[in-house]
Amino acid sequence: MSEHWVSRALSVLGLWFAVAVVAHVFGAHPSYGLLALVLAAGAGTVLLLLDTTARAEGAVWTLPDENPVRPPGEDPRFAMLRRVVAGHLDARTVDDQLHRHLMAVVDQRLLATHGLSWAADPTRAEQLMGPELAAFARATDPYPRLDAARIAVLIDRIEDL
């Protein structure tokens with residue numbers, strides 16, 4: 001037991017003795033064992049609470065992160081596409097993530113500019129998309145690994161829609 005706890009135990013023992021003497025002086029005959037248990041439980045609770053709060057750090061109010069996931073005002077779909085492209089370039093195996101996201105953007109562009117969808121009318125959409133993008137749209141599992149230059153060509157073609 002550390003010296004810190006020994007001094008505390010002696011303080012509680014002194015408090016017990018003082019309460020017992022005061023009770024005896026006023027004519028009360030307390031149960032000394034029960035009085036010791038109540039004082040020990042109360043003092044233990046108070047002292048542990050004081051120890052805990054003395055070691056606890058105060059609240060720290062920090063400013064927002066200097067490097068958020070995406071800069072303020074950036075379109076979340078663009079941030080997602082950037083993560084998908086980075087994931088495609090770094091992945092060990094190629095999955096359909098890049099294909100699904102790019103085709104969703106193609107469909108949005110086709111609907112916004114020409115009023116048609118790749119899913120609804122693929123032949124007309126292929127004429128508007130061009131050969132590179134049409135070949136990418138027709139790709140099936142297993143999807144080919146695309147390098148950064150090929151992805152840039154596809155994105156440029158999507159922007160031209």
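This structure is a prediction, so every number in the text was calculated from the model and none was measured.
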(request) Give the C-alpha distance, both sets of side-chain angles, the deciding distance and a yes or no for side chain to side chain contact (heavy atoms under 4.5 Å, CB included) between Trp16 and Val19. (result) CA-CA 5 Å; Trp16 172 80; Val19 169; 6.0 Å; no

(request) Determine, step by step, whether Val106 and Leu154 satisfy the side chain to side chain contact (heavy atoms under 4.5 Å, CB included) criterion, reporting the C-alpha distance in whole Å, the side-chain angles of both residues, the deciding distance to 0.1 Å, and the verdict. (result) CA-CA 10 Å; Val106 167; Leu154 292 174; over 6 Å; no

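Applying the salt bridge (Lys or Arg N to Asp or Glu O under 4.0 Å) rule to pairs touching residues 18-46 yields nothing, sequence neighbours excluded. Identified under the ring pair (Phe, Tyr, Trp, His ring centres under 6.0 Å) test for residues 104-124, with sequence neighbours left out: none.
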For a quick test of your reading: what N or O donor-acceptor pairs under 3.5 Å do the side chains of residues 142-149 make, sequence neighbours left out?
unit_1	atom_1	unit_2	atom_2	d
Arg145	NH1	His88	O	3.0
Arg145	NH1	Ala91	O	3.2
Arg145	NH2	Ala91	O	2.8
Arg145	NH2	Arg92	O	3.1
Asp147	OD1	Arg150	N	3.0

Which atom pairs, donor and acceptor, lie under 3.5 Å between side-chain atoms of residues 26-42 and protein residues at least two apart or in another chain?
none

Solution key, residues 128-140 side-chain donor-acceptor pairs under 3.5 Å, sequence neighbours excluded:
unit_1	atom_1	unit_2	atom_2	d
Arg138	NH1	Glu126	OE1	3.3
Arg138	NH1	Glu126	OE2	3.1

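The side chain to side chain donor-acceptor pair (under 3.5 Å) check on Ser117 picks up Asp107, with sequence neighbours excluded. Every residue meeting the side chain to side chain contact (heavy atoms under 4.5 Å, CB included) condition with Arg8, not counting sequence neighbours, appears here in chain and number order: His4, Trp5, Leu47, Asp51. Listed by chain and number, the residues in a side chain to side chain donor-acceptor pair (under 3.5 Å) with Gln108 amount to none (sequence neighbours excluded). Under the side chain to side chain contact (heavy atoms under 4.5 Å, CB included) criterion, Val21 pairs with Phe17, Val25, sequence neighbours left out. Evaluation of the side chain to side chain contact (heavy atoms under 4.5 Å, CB included) rule for Ser11 yields no partner, not counting sequence neighbours. For Arg124, the side chain to side chain donor-acceptor pair (under 3.5 Å) criterion is met by no residue, not counting sequence neighbours. For the side chain to side chain contact (heavy atoms under 4.5 Å, CB included) test, residues two or more places apart in sequence or in another chain that qualify with Val105 are Arg109, Ile158.
For the residue pair Asp95 and Thr93, no side-chain donor N or O sits within less than 3.5 Å of a side-chain acceptor on the partner.
Atoms OG1 and CG, on Thr123 and Leu116 in that order, are 9.0 Å from each other to the nearest 0.5 Å. We find the NE2-CZ distance between His101 and Arg82 to be 14.0 Å, quoted to the nearest 0.5 Å. Here the CD1 atom belonging to Ile151 is positioned 9.0 Å from the CG atom belonging to Leu81, to the nearest 0.5 angstrom.
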